[in-house]
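Since we're looking at a predicted model, the values are computed, not measured. What's counted below: heavy atoms across the whole structure, side chains too, no hydrogens, waters or symmetry copies.
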Amino acid sequence: MVALPSLRGLQAFEAAARTGSFAAAAEELSISAAAVSQLIRTVEEQMGRKLFHRVNRRAVLTEAGVEMLPRLTMAFREIGSVARDVSGDAFRPRLIVSVPPSMAMGWLSERIVRFIASHGAADISLRGDDDPVPFDHELIDVRLSYGPHYREHPTEEIVRDAVYPVCAPALASANGSDSLAGLPLIHTDWGPTGASFPSWRNWFEAARIEPGRTAQRGLSGNSSRVALDLAISGLGVALAQGIYCAQALEDGKLVRAAAPSLELRQPYCLTIPERSARRDVVGAFREWLVGECVRAVKSPALGAQSFTG
């Protein structure tokens, strides 16, 4: 039988590697930082492998350490689950979900109550992250992203969205026509590291309408959610993704300012690492999230023709 290294030492290594700090690990384990360091040295000696490089008072994971971390974290998570069950505490599955910031700010946070109501209580960590996300370091279970960024993990395309010219009802009534002429435009700029978001110039070209000077003037937001909120406030017409604006159209907070929509260049994709795929709560959340996305994109309130971008 293979001799096992110190369980306490493995726990010290996992905490230090996960938090990125011996001091943080010491606080989590209620011991001193020196004790954490000694426990890790003991494990390294027992295993005959270095887990950290010690460089200029900093500890950097070796390849062996990087390989061990996610597996140990999962193991200690399972041990904790067993301990809770044996002690009689109600079991609550833990789920770490990462989505684009605009989706975390409102869209998913408003809907997640439906998942909890239908599938029971769970400890859910909802994160709004830009790509790329550190799956293993942050133990992310589910990532929804715009575009297929993570081919190293199982990834599926779940829906392709479009953008729609939308504005507040009062602004549309004041205009008195189906034309965008004279209406202020709201622009969305995802920034230099983000994917290319359809511009008003793209929309005018697809609709075969001369944009004039208005195509580059007006308010601008650096996220889809900001642009949508500006439109709801009556400050102009935004090109809003169907997944975000469908509910506001259904509720009457927004109306279509023009008929044509413009299809996005990339689909929304769902990535679930293999280490998470077998968990029941992950499978249930995947099915629920895909349903919510498809329901929003196919909302009858969106309707109308669509151009391909």
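- The cluster map of Ile, Leu, Val, Met, Phe, Trp and Tyr, joined by side-chain heavy atoms under 4.5 Å apart, puts V97 and I116 in the same cluster.
- Side-chain atoms of R94 never come within 3.5 Å of backbone atoms of S125 as a donor-acceptor pair (strictly under, hydrogens ignored).
- With C269 as the partner, the side-chain contact (heavy atoms from CB on, under 4.5 Å) test is satisfied by one option alone out of R151, H149, E157: E157.
- Looking at heavy atoms from C-beta onward, L185 lies in side-chain contact with H187 at the 4.5 angstrom threshold.
- In this structure, the separation between CG on L254 and CD on Q247 is 11.0 Å, given to the nearest 0.5 Å.
- Considering only heavy atoms from C-beta on, R49 stays 4.5 Å or farther from E63 through its side chain.
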Chi angles and distances behind the side-chain contact (heavy atoms from CB on, under 4.5 Å) call for L270, T155
CA-CA 6 Å; L270 201 62; T155 298; over 6 Å; no
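- Taking the six-membered ring where the residue is Trp, the centroids of F22 and F52 are separated by under 6.0 Å.
- Counting heavy-atom neighbours within 6.0 Å of E287 CD, excluding the residue itself, gives a total of 12 or less.
- Between the side chains of Q38 and R41, no donor-acceptor pair of N or O atoms lies under 3.5 Å.
- Shown here for A17 and L61, the closest heavy-atom pair between the two residues is CB-CD2, 3.9 Å.
- The shortest distance between side-chain heavy atoms of V255 and V166 does not fall below 4.5 Å.
- Put simply, the side chain of S145 gets close to the backbone of G147: a donor and an acceptor are under 3.5 Å apart.
- L72 and M74 are not part of a single hydrophobic cluster, where members link through side-chain heavy atoms under 4.5 Å apart.
- Between S32 and A26, the shortest heavy-atom distance links the atoms C-CB, 3.5 Å.
- Judged by distance alone, with hydrogens and angles left aside, the side-chain atoms of S109 form no donor-acceptor pair with the main-chain N or O of M105 at under 3.5 Å.
- Listed for the W200 side chain is a donor-acceptor partner under 3.5 Å among the backbone atoms of I186.
- Considering only heavy atoms from C-beta on, Y164 stays 4.5 Å or farther from L249 through its side chain.
- Scanning all heavy atoms of the two residues, the minimum distance from C167 to A257 falls at SG-CB, 3.8 Å.
- Linking ILVMFWY residues whenever their side-chain heavy atoms come closer than 4.5 Å, directly or via other members, places V142 and L126 in the same cluster.
- Contact check for D130 versus P101: side-chain heavy atoms found under the 4.5 Å cut-off.
- At least one side-chain heavy atom of R143 sits less than 4.5 Å from a side-chain heavy atom of D129.
- A donor-acceptor pair under 3.5 Å is absent between the side-chain atoms of Y150 and the main chain of F135, judged by distance alone.
- Judged by distance alone, with hydrogens and angles left aside, the side-chain atoms of E274 form no donor-acceptor pair with the main-chain N or O of H153 at under 3.5 Å.
- Side chains of D161 and Y244: no donor on one and acceptor on the other come within 3.5 Å.
- Taking the side chain as every heavy atom from C-beta outward, F76 and L7 approach each other to under 4.5 Å.
- Judged by distance alone, the side chains of Y268 and Q241 do bring a donor and an acceptor atom under 3.5 Å apart.
- Scanning all heavy atoms of the two residues, the minimum distance from P198 to L239 falls at O-CD1, 3.9 Å.
- Counting all heavy atoms, side chain and backbone alike, R256 lies closest to S261 at NH2-N, 4.2 Å.
- Residues I158 and V294 form no side-chain contact, since every pair of their non-hydrogen atoms from C-beta on lies 4.5 Å or further apart.
- Shown here for V133 and S98, the closest heavy-atom pair between the two residues is CG1-OG, 3.7 Å.
- A distance-only check finds no donor-acceptor pair linking the side chain of D141 to the backbone of S276 [under 3.5 Å].
- Under 3.5 Å, the side chains of T188 and S224 contain no donor-acceptor pair of N or O atoms.
- Residue L302 is grouped with residue M103 when hydrophobic side chains (ILVMFWY) are merged at heavy-atom distances under 4.5 angstrom, including chains of intermediate members.
- Put simply, the side chain of R160 gets close to the backbone of R265: a donor and an acceptor are under 3.5 Å apart.
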Would R71 and E14 count as a side-chain contact (heavy atoms from CB on, under 4.5 Å) here? Give the steps.
CA-CA 9 Å; R71 298 167 69 181; E14 189 276 336; over 6 Å; no
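- Note: K253 NZ to D229 CG = 9.5 Å, rounded to the nearest 0.5 Å.
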Walk me through whether W107 and V99 qualify under side-chain contact (heavy atoms from CB on, under 4.5 Å).
CA-CA 10 Å; W107 189 89; V99 297; over 6 Å; no
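- W288 and F115 have tilted rings, their planes meeting at an angle from 30° to 60° on a 0 to 90° scale.
- By the criterion of side-chain heavy atoms lying less than 4.5 angstrom apart, applied directly or through intervening Ile, Leu, Val, Met, Phe, Trp or Tyr residues, L139 is not grouped with L144; the two fall into different hydrophobic clusters.
- Taking a 6.0 Å sphere around CD of E292, one finds it holds more than 12 heavy atoms contributed by other residues, nucleotides or ligands.
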Between E138 and R127, is a side-chain contact (heavy atoms from CB on, under 4.5 Å) present by the stated rule, with each step listed?
CA-CA 10 Å; E138 301 295 339; R127 303 162 48 107; 3.3 Å; yes
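- Atom CG of L262 sits about 9.5 Å away from atom CH2 of W203, to the nearest 0.5 Å.
- Checked by atom type, the side-chain pair S299/E250 shows a donor-acceptor distance below 3.5 Å.
- The CD1 atom of I243 lies 11.5 Å from the CZ atom of R295; values are rounded to the nearest 0.5 Å.
- More than 12 heavy atoms of other residues, nucleotides or ligands sit less than 6.0 Å from atom CG of D251.
- For the atom pair T62 OG1 and H53 NE2, the distance stands at 5.5 Å (nearest 0.5 Å).
- Q11 CD to I31 CD1: the interatomic distance, rounded to the nearest 0.5 Å, is 8.0 Å.
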